[in-house]
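These figures come from a predicted structure and were not determined experimentally. All chains are named by letter (A, B, ...) in the order of the sequence lines, taking the proteins before the strands, and each is independently numbered beginning at 1.
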Amino acid sequence: MMQETLDARRLLCPMPVIRTQDKVKKLTTGDELTVICTDPGVMQDIPAWCRINGHRVKECREQDGEYIIVLEVG
Amino acid sequence: MSEPKKAVALISGGLDSMLAAKVIMEQGIQVEGINFFTGFCVEGHTHAIRKKDKNKQKRNNALWSAEQLGIKLHIVDIIDEYKDVLINPKHGYGAHMNPCLDCKIFMVNKAKQWIQENGFDFIITGEVIGQRPMSQRRETMPVVAAESGADDLLLRPLCARNLPMTLPEREGWVDREKLYDFSGRSRKPQMALAEAFGFEDYAQPAGGCCFLTDEHYSTKLVDLWQARGKKEYDLDDVMLLKVGRHIRPKKNFKLIVAREEGEARFMQGYKNHFINMNCASHRGPLVLIDGEPSGEDLILAGQITARYGQGRDAEEVTLQIREKDKPERLITVKPLSADEMPEEWFV
Ligand code: SF4
């Protein structure tokens with residue numbers, strides 16, 4: 001299992017979703033991806049994107065003005 | 001049994017594209033969605049601008065539509081390639097700066113490339129004859145099909161029965177009898193179909209799918225191009241045209257004045273890229289300066305900035321100015337009065 005991080009700070013929605021999508025394409029089932037963002041919209045959009053594409057959101061939190069989403073590739 | 005056929009649906013986030021996808025899914029076709037991000041899209045990018053305390057969070061309607069349909073959605077960044085479409089549209093602009101016909105051709109062409117790369121069989125869109133004055137007319141339907149290169153791989157389920165047969169119909173992958181013959185500007189048939197499918201709370205953008213159909217937005221874009229002497233833009237420009245009050249006192253610079261807290265928070269993110277100022281002696285908004293102002297221009301900008309703060313009636317207001325690679329400095333100015341701000345300055 002791989003653990004990867006994606007820096008999507010300063011990108012505005014839907015760019016963080018697009019970057020997440022492109023990154024996930026290179027990963028395989030069971031891999032874990034942590035996405036770090038500054039646009040609060042990702043708290044809705046990345047989980048929605050995960051639900052429709054069959055990935056699991058493990059964690060979704062705000063920390064020091066940043067939004068961190070951890071997902072497991074489905 | 002043969003493999004099920006696969007179609008990609010252009011999903012804008014509006015009702016029509018959602019209905020078109022559903023109509024084809026009902027016929028046993030495997031559908032996935034594709035959504036193109038030009039930078040100007042109304043959907044999905046305004047999160048950062050909205051006020052935090054709004055109780056109804058703004059959703060990305062393309063993602064929402066896909067979730068309602070239970071299909072995958074591929075979002076494609078076409079920001080750079082789209083510039084050519086917007087700057088030199090072969091078929092011209094619509095009522096404002098919207099190059100809808102070229103835009104449709106471009107997107108369908110992209111979808112055509114996508115189905116070839118991904119082993120899909122055909123493309124569907126939610127177009128309806130007569131629905132939009134520029135891009136969705138009887139005469140433009142064949143233009144989109146031909147110029148995009150999609151030809152008879154492009155099926156419009158909501159008005160297919162008013163159009164020549166496409167390959168999926170001829171081959172019997174879909175039953176033409178179960179497609180629709182909507183036409184005209186009425187929304188009633190779509191609303192009835194939405195009800196039949198149990199869709200609720202869907203988005204119905206009034207003008208179109210992007211900010212280019214908005215008169216005020218288009219005016220600001222044209223102003224930007226005129227001031228720069230050429231048609232060019234980047235993503236920051238596209239985003240900043242959506243926020244604030246834009247005031248251009250001279251050709252070489254304009255002010256972007258935050259109108260509320262949500263905009264101010266959004267504009268904070270651009271402080272490192274633009275000269276910016278705010279009142280120090282009074283409460284007042286954040287202002288970004290776009291262009292190349294002289295020292296004297298910055299004083300004028302300061303007087304305008306002061307006018308939008310609580311010190312507007314004061315004799316003197318002190319402002320903080322931040323310029324790239326320079327230490328922050330303070331200036332003191334007399335705020336402009338309302339009569340000193342000619343109407344032509346407001347973009
Ligand atoms: S409104 Fe017109 S220009 Fe804008 S995305 Fe839709 S088709 Fe394209």
Which heavy atom of Glu263(B) sits nearest a heavy atom of Val257(B), and at what distance?
-> OE1-O, 4.3 Å

Asp236(B): side-chain hydrogen bond (donor to acceptor under 3.5 Å, both in side chains) partners, not counting sequence neighbours | none

Sequence neighbours left out, cut at 3.5 Å: what donor-acceptor pairs do the side chains of residues 30-42 of chain B make with other protein atoms?
| unit_1 | atom_1 | unit_2 | atom_2 | d |
| --- | --- | --- | --- | --- |
| Glu32(B) | OE1 | His74(B) | NE2 | 2.7 |
| Asn35(B) | ND2 | Ile11(B) | O | 2.8 |
| Thr38(B) | OG1 | Phe40(B) | N | 3.0 |

Inter-residue atom distance Met239(B).CE - Tyr270(B).OH, 0.5 Å rounding = 6.0 Å

List for me each residue that meets side-chain contact (heavy atoms from CB on, under 4.5 Å) alongside Glu323(B), sequence neighbours excluded, and say none if there are none.
-> Ile275(B), Leu298(B), Ile321(B), Lys326(B), Arg329(B)

Side chain, backbone, both or neither: which part of Arg10(A) has a heavy atom under 4.5 Å from chain B?
-> neither

Neighbourhood of chain B inside residues 17-25 of chain A, taking heavy atoms under 4.5 Å as contact | Val17(A), Ile18(A), Gln21(A)

Looking only at non-hydrogen atoms, find the nearest pair between Leu69(B) and Ala21(B) and report the distance.
-> CD1-CB, 3.8 Å

